[in-house]
2 protein chains.
Amino acid sequence: MPRGEGKFLIKQRAFLKLFMIRFVEENKLYGMQAMDELKMTFKQFGYEPNHSEIYRSLHELIDDGILKRQKKLQEGAKYKEVVIYQFADYEKAKLYKKQVKTDLDRSMGLLRKALEDVY
Amino acid sequence: MPRGEGKFLIKQRAFLKLFMIRFVEENKLYGMQAMDELKMTFKQFGYEPNHSEIYRSLHELIDDGILKRQKKLQEGAKYKEVVIYQFADYEKAKLYKKQVKTDLDRSMGLLRKALEDVY
DNA sequence: CTATGAACATTCTGTTCATTG
DNA sequence: CAATGAACAGAATGTTCATAG
């Protein structure tokens, strides 16, 4: 999905999909927890993703054939279902991570160039 | 315009407005030339702004009270008008540059953090 | 044909509403 | 109330059309 021509910076969606893959690799967290952790991590940079973008990212990874859903009872005495994820195709996941890295590096380069040239 | 809460990376519009200010500082170029120069500079990063975004950036700087328009005959024997720009308020321009720098730095930090954490 | 600009269309993302347990 | 998801709404940006010289 990191696309071809004329594009500016990496999109939020790809950024979040990357972290969703990472959370699944670490075998932890469902949607809301992922959001909370990301908010904590990136709040210092003024970025706090909202729940819709988190879910859209997860759903898109399913459509991509990278993740699959699995329901699970939540910890504790609450008996409330949450949705957790596993890899449907880990090779695809690794490939996607590689593509996003390329896009992140590209975006960094672009910003760095701007800072160098203007300031 | 670099805004407050929950936001992801800097927007293309702000990025281009920064360069439009820089071009006016250097006293050169009208819209199309600015676009061509930016395409040359950032093509290596896969970014080639289109003409609409260039004009929207210039127009917005006028609305902001930072630039003002001035028509001018094009060089050479072509007698075709082009639109060039001067500062309407250079203090405002400098302030805007400062704000965009903050936003660029913030965006770089965000991307760097992601690269560190994931790869 | 080149430069400018507006109109139109789509994509991306934020906000609100609905459902379930 | 917490989690998930869909619907709706707006903002950001790309594509196409219009006008002038």
Side-chain angles (χ1 to χ4, degrees), chain A residues 1-17 20 23 28-39 42 46-63 67 69-85 103 107, chain B residues 1-17 20 23 28-39 42 46-63 67 69-85 103 107:
Chain A
M1 173 137 293
R3 277 246 6 297
E5 280 327 306
K7 72 172 301 207
F8 188 50
L9 301 174
I10 189 173
K11 292 286 188 293
Q12 180 181 195
R13 181 74 48 83
F15 184 93
L16 288 179
K17 284 167 76 174
M20 294 306 120
F23 287 139
K28 60 179 188 183
L29 305 183
Y30 52 94
M32 280 303 93
Q33 285 179 319
M35 181 180 77
D36 292 341
E37 177 156 335
L38 287 174
K39 282 190 179 183
F42 289 104
Y47 173 50
E48 299 185 69
N50 63 39
H51 84 279
S52 283
E53 266 298 299
I54 299 288
Y55 288 124
R56 280 191 286 246
S57 301
L58 287 165
H59 299 163
E60 207 169 282
L61 284 165
I62 292 176
D63 295 341
L67 294 185
R69 291 165 43 103
Q70 181 185 340
K71 294 196 177 185
K72 189 188 181 183
L73 287 186
Q74 202 174 35
E75 305 292 305
K78 297 167 74 178
Y79 291 97
K80 156 106 175 133
E81 275 182 338
V82 295
V83 182
I84 62 165
Y85 295 86
D103 208 15
S107 298
Chain B
M1 173 140 290
R3 276 247 4 300
E5 280 328 307
K7 73 171 301 206
F8 188 50
L9 300 174
I10 188 172
K11 291 286 188 293
Q12 180 182 196
R13 180 74 47 84
F15 184 93
L16 288 178
K17 284 167 77 175
M20 294 306 119
F23 287 138
K28 60 180 189 185
L29 303 182
Y30 52 95
M32 281 301 95
Q33 285 179 319
M35 181 180 77
D36 292 341
E37 178 157 334
L38 287 174
K39 282 190 178 181
F42 290 104
Y47 173 50
E48 298 185 69
N50 62 38
H51 84 277
S52 283
E53 266 297 300
I54 299 288
Y55 288 125
R56 279 191 285 247
S57 300
L58 287 165
H59 299 163
E60 207 168 283
L61 284 165
I62 292 176
D63 295 341
L67 294 184
R69 291 166 43 104
Q70 180 183 340
K71 294 195 178 186
K72 189 188 180 183
L73 288 185
Q74 204 175 32
E75 304 292 304
K78 297 166 74 176
Y79 291 97
K80 157 107 177 130
E81 276 181 337
V82 295
V83 180
I84 61 165
Y85 295 86
D103 208 15
S107 299

Test your reading of the model: is there a side-chain donor-acceptor pair from A:Asp36 to the backbone of A:Lys39, 3.5 Å cut-off?
no

B:Gln12 CD to C:dT13 P, straight-line distance once rounded to whole Å:
13 Å

Give the rounded distance in Å between these two atoms: CG of B:Leu9 and P of C:dC12.
14 Å

Can you tell me if B:Gln33 touches the phosphate of C:dT2, counting only side-chain N or O atoms and a distance under 4.0 Å to OP1 or OP2?
no

For D:dG5, does OP1 or OP2 lie under 4.0 Å from any side-chain N or O of A:His59?
yes

Atom CG of B:Leu61 and atom P of C:dG5: how far apart are they, to the nearest Å?
13 Å

Give A:Tyr85 one of three labels, base, sugar-phosphate or nothing, depending on what nucleic acid heavy atoms sit under 4.0 Å from its own.
sugar-phosphate

Among D:dT4, D:dA12, C:dA3, find the nucleotide with the atom closest to the side chain of A:Val83.
D:dT4

Just the rounded figure in Å: distance from C1' of C:dA9 to CZ of B:Arg56.
11 Å

Within the side chain of A:Ser57, is there an N or O that forms a donor-acceptor pair under 3.5 Å with the backbone of A:Leu16?
no

5' precedence on DNA chain D between A:Asp36 and A:Phe8 (nearest-nucleotide basis)
A:Asp36

Reported CZ-to-CG distance for the pair A:Phe23 and A:Leu67, which is rounded to 0.5 angstrom
12.5 Å

Mutual orientation of the aromatic rings belonging to A:Tyr47 and B:Phe8 [parallel < 30°, tilted 30-60°, perpendicular > 60°]
tilted

Rounded to whole Å, how long is the line connecting atom CZ of A:Arg69 with atom C1' of C:dT20?
13 Å

Whole Å only: how far is the NZ atom of B:Lys39 from the P atom of D:dG14?
11 Å

Report the relative orientation of the aromatic rings in B:Tyr55 and B:His59; use parallel for angles under 30°, tilted for 30 to 60°, perpendicular for over 60°.
parallel

Does any N or O donor sit under 3.5 Å from an N or O acceptor when you compare the side chain of A:Ser52 with the base of C:dT15?
yes

Using a cut-off of less than 4.0 Å, is there contact between a side-chain N or O of A:Tyr55 and OP1 or OP2 of D:dG5?
no

In whole Å, I'd like the distance from the NE2 atom of B:His51 to the P atom of D:dT13.
16 Å

Here the distance between atom C1' of C:dA6 and atom CD1 of B:Ile54, to the nearest Å, is 17 Å

